[in-house]
Amino acid sequence: MSLFKKRKKESVAIPFLISMIVTLFVVGVPVLNFYNYLINEKDGKNADAVQQAFVPTEKNSMTLLFTFDPDDASLRDSFMLVRTSALDKSFTFIPVSNDILCDDRKMSQIFKDGGIIELEKAIEKTFDISVDKYMSLNNASLALICDSLGGVNYPVPDGLKGLNEGTQFLDSNFVIKLISNPKFAEDARTVTTGSVFAEMLAGVSGSRVADIVDYTYNQLVNMTETDITSIDYQNQKEAIDYILRSGKFKSTFRVPSGENTKQGIVMDKSAIKTLKEDAGL
């Protein structure tokens with residue numbers, strides 16, 4: 001009799017256990033999935049909130065002047081304005097020819113005589129703009145920028161010292177050889193300088209560059225002459241991060257045009273107006 005009762009209890013327990021497992025599976029899996037959905041949605045909203053926390057304004061636009069003074073004095077200096085706009089999510093490179101005249105002096109001579117401070121004044125006067133900050137680069141600091149961006153594929157013209165003709169990958173050393181080349185006609189060199197850097201930035205992963213902005217800046221400020229302070233950097237860092245991580249930023253270049261004379265290039269007022277409108281200066 002006791003044996004019968006024991007078997008009866010076992011026969012009741014097994015179906016009960018099976019029904020509990022089925023119930024947990026049927027009810028538990030949807031509940032678990034719903035819980036995961038709520039968690040993921042919350043995380044997504046938090047990420048969106050972080051992304052949307054920054055609201056760009058015109059104050060986040062800057063005009064930066066970069067000069068490159070090669071270690072080898074026989075090579076060409078390069079001057080470049082870079083306009084950043086968080087509103088447009090854009091970077092505009094504006095190469096400034098050595099031969100552009102300010103009054104009766106070329107930009108190259110102004111830089112040679114007075115350095116970047118006098119060059120900044122001359123560019124502001126010639127283009128009727130305000131330059132926010134400046135940075136003067138040598139070989140090491142320009143190489144750091146190029147290496148941070150990762151180099152560029154670019155068509156090198158024929159006849160340049162130390163370079164082979166044709167489309168090829170240019171690392172920092174070859175970028176420097178290209179834009180400072182003494183065999184390069186100034187007009188063509190100016191266009192190339194703007195094009196190289198615009199294409200170099202256009203080809204990068206914005207998130208990767210954003211991740212190393214702090215490192216690159218901290219290295220640069222110890223290698224260059226600049227009036228960019230740590231406060232300036234912190235004020236604009238969020239805007240630069242916003243542009244780079246947008247995944248939709250534009251990187252273009254504009255070349256100032258003017259009349260070639262025996263003394264140098266005389267800027268055209270209508271061309272300057274168009275340039276300012278196109279670049280948001």
Got a sec, which pairs hit ring pair (Phe, Tyr, Trp, His ring centres under 6.0 Å) with one end in residues 152-179, sequence neighbours left out?
none
Short N-O contact, [X] and [Y], less than 4.0 angstrom:
X	Y	result
R189	E186	yes
K269	D128	no
K112	D77	no
R245	D211	yes
K250	D88	no

Check the side chains of [Y] and [X] for a donor-acceptor pair under 3.5 angstrom, ignoring hydrogens and angles.
X	Y	value
S148	T216	yes
S136	T67	yes
T190	D187	no
R76	S180	no
N60	Y242	no

Stepwise side-chain hydrogen bond (donor to acceptor under 3.5 Å, both in side chains) test for Q109 and D113
CA-CA 6 Å; Q109 190 62 47; D113 294 341; 3.0 Å; yes
Would you mind reporting whether I123 and K125 have side-chain heavy atoms less than 4.5 Å apart?
no
ring-ring contact (aromatic ring centres under 6.0 Å, His included) involving F111 - partner list, sequence neighbours excluded:
F79
How far apart are the C-alpha atoms of K121 and E124, what are their side-chain angles, what is the distance that settles it, and do they pass the salt bridge (Lys or Arg N to Asp or Glu O under 4.0 Å) test?
CA-CA 5 Å; K121 294 176 183 177; E124 288 183 327; over 6 Å; no
Give a yes or no on this: more than 12 heavy atoms of other residues, nucleotides or ligands lie within 6.0 Å of atom NZ of K276.
yes
For residues 197-207, pull every pair meeting side-chain hydrogen bond (donor to acceptor under 3.5 Å, both in side chains), keeping only residues two or more places apart or in separate chains.
S195-E199
Is the F91 ring parallel, tilted or perpendicular to the F249 ring (thresholds 30°, 60°)?
perpendicular
